[in-house]
Amino acid sequence: MHPTAHHEPSSTAPGAPATRGRRKDARPSELLAAGLAIFVDRGFAATRLDDVARRAGVAKGTLYLYFPSKEALFQAVIEDGMVAALLAAEERMAAHQGSAAELLHELLLGWWQQIGSTALAGVSKLIISEARNFPEIADYYRDRVIARGRALLREALERGIDRGEFRPLNVEAAIDVIIAPLLMLAISRSSLRLCGQQVSPEDYLETHFELLLRGLRPAGEQA
């Protein structure tokens with residue numbers, strides 16, 4: 001749980017129904033899910049904690065027991081969703097024994113499974129649209145999400161270059177090129193359908209990876 005969250009003390013008496021305990025344990029995840037849904041739907045500025053509490057089915061006071069401010073709730077949503085997914089990707093990368101190309105493919109599909117195909121995809125649009133008015137939120141997102149995502153891609157590319165799988169190239173520029181289509185796909189899920197309507201997200205990502213891999217291979221190497 002996010003460090004700003006507070007645990008609600010349990011008041012379940014001996015012999016009380018077990019459902020009460022389960023309900024108390026479930027509240028943080030319910031609040032995070034409600035917060036994510038409203039942040040994505042309305043944006044950061046228009047989100048009200050009253051509405052988050054109402055959507056989660058709890059009193060506003062209960063919400064404040066866990067998250068003392070809207071900023072704390074937003075940060076907890078990011079930590080619970082995107083940062084947790086990045087941490088899992090970092091652990092998989094550390095244990096990966098295959099090629100750099102296989103690692104890069106795993107990172108792209110993992111992003112789709114853990115973020116792009118979920119409600120978390122809408123956070124990208126929120127950050128883009130509200131960064132100017134809430135620079136502290138944008139800075140937090142850059143430090144906790146973007147920087148870690150770039151580090152994962154940087155490691156995969158540098159592994160490939162060091163092993164001779166990929167040609168030498170400007171790694172930071174390559175990271176931008178890899179991320180841009182992912183960002184477009186994420187925005188498409190919560191805005192206008194910008195990607196081809198007849199193309200599934202899976203086919204979109206596979207095509208992106210195929211084109212990317214062809215560009216990364218050393219000159220003269222057969223595709």
Side-chain angles (χ1 to χ4, degrees), residues 32 35-47 74-75 77-90 92-93 100-101 103-158 160 166 169-216:
L32 292 173
L36 173 60
I38 294 180
F39 280 131
V40 168
D41 183 50
R42 303 182 186 179
F44 185 83
T47 293
F74 179 79
Q75 291 181 10
V77 166
I78 298 303
E79 295 289 331
D80 183 72
M82 290 186 159
V83 174
L86 289 167
L87 176 59
E90 290 166 355
R92 290 194 300 272
M93 171 174 278
L103 176 58
L104 188 57
H105 186 260
E106 183 177 324
L107 289 175
L108 293 181
L109 291 188
W111 169 84
W112 171 250
Q113 293 165 357
Q114 299 296 317
I115 296 176
S117 65
T118 75
L120 290 167
V123 175
S124 297
K125 178 187 174 186
L126 182 155
I127 294 296
I128 291 171
S129 62
E130 307 228 28
R132 183 181 297 274
N133 294 327
F134 298 96
E136 67 282 2
I137 294 299
D139 289 344
Y140 171 83
Y141 186 80
R142 181 196 61 227
D143 294 340
R144 296 296 292 157
V145 176
I146 295 175
R148 291 179 78 165
R150 292 183 68 90
L152 285 167
L153 293 173
R154 185 179 300 113
E155 172 67 18
L157 292 171
E158 290 178 347
F166 302 155
L169 77 168
N170 185 325
V171 171
E172 296 306 312
I175 292 171
D176 290 337
V177 171
I178 294 170
I179 290 176
L182 305 185
L183 184 61
M184 182 69 72
L185 182 58
I187 293 174
S188 291
R189 288 181 52 79
S190 56
S191 186
L192 295 174
R193 185 66 184 269
L194 303 176
C195 302
Q197 296 187 4
Q198 305 304 317
V199 179
S200 70
E202 292 78 11
D203 287 342
Y204 177 98
L205 289 172
E206 290 293 346
T207 301
H208 175 40
F209 176 73
E210 180 183 350
L211 294 172
L212 175 63
L213 193 57
R214 287 177 179 271
L216 289 172

Within the distance-only criterion (no hydrogens, no angle test), does the side chain of Y140 pair as donor or acceptor with the backbone N or O of Q75 below 3.5 angstrom? yes
Those residues at least two apart in sequence (or on a different chain) that pass side chain to side chain contact (heavy atoms under 4.5 Å, CB included) with A45 are E130, F134
Side chains of L185 and W112: closer than 4.5 Å at any heavy-atom pair? yes
Backbone N or O of I78 within a donor-acceptor pair of the Y141 side chain at under 3.5 Å? no
Taking the side chain as C-beta and beyond, is there a heavy-atom pair between I179 and I146 under 4.5 Å? no
Kindly give the heavy-atom pair with the smallest separation between L153 and L104, and that separation in Å. CD2-CD1, 3.8 Å
Once you measure the plane-to-plane angle for F39 and F44, does it fall in the parallel (<30°), tilted (30-60°) or perpendicular (>60°) bin? parallel
Among residues at least two apart in sequence or on other chains, which ones pass ring-ring contact (aromatic ring centres under 6.0 Å, His included) with H208? none
Under the side-chain hydrogen bond (donor to acceptor under 3.5 Å, both in side chains) test, which residues partner Q113, sequence neighbours left out? none
Closest non-hydrogen atom pair between R144 and R148, with its separation: O-CD, 3.2 Å
Scan residues 174-184 for pairs that pass salt bridge (charged side-chain N to carboxylate O under 4.0 Å, His left out), counting only residues two or more places apart or in two chains. R150-D176
Do D80 and L36 have side-chain heavy atoms sitting under 4.5 Å apart? no
Could you note down all residue pairs passing salt bridge (charged side-chain N to carboxylate O under 4.0 Å, His left out) where residues 131-142 supplies at least one of them, sequence neighbours left out? D139-R142
Could you tell me which residues satisfy ring-ring contact (aromatic ring centres under 6.0 Å, His included) with F166, sequence neighbours excluded, listed by chain and number? none
Note, R92 side chain near L103 side chain (heavy atom, < 4.5 Å): no
Minimum heavy-atom separation for M82 and L120, please, with both atom names. CE-O, 3.3 Å
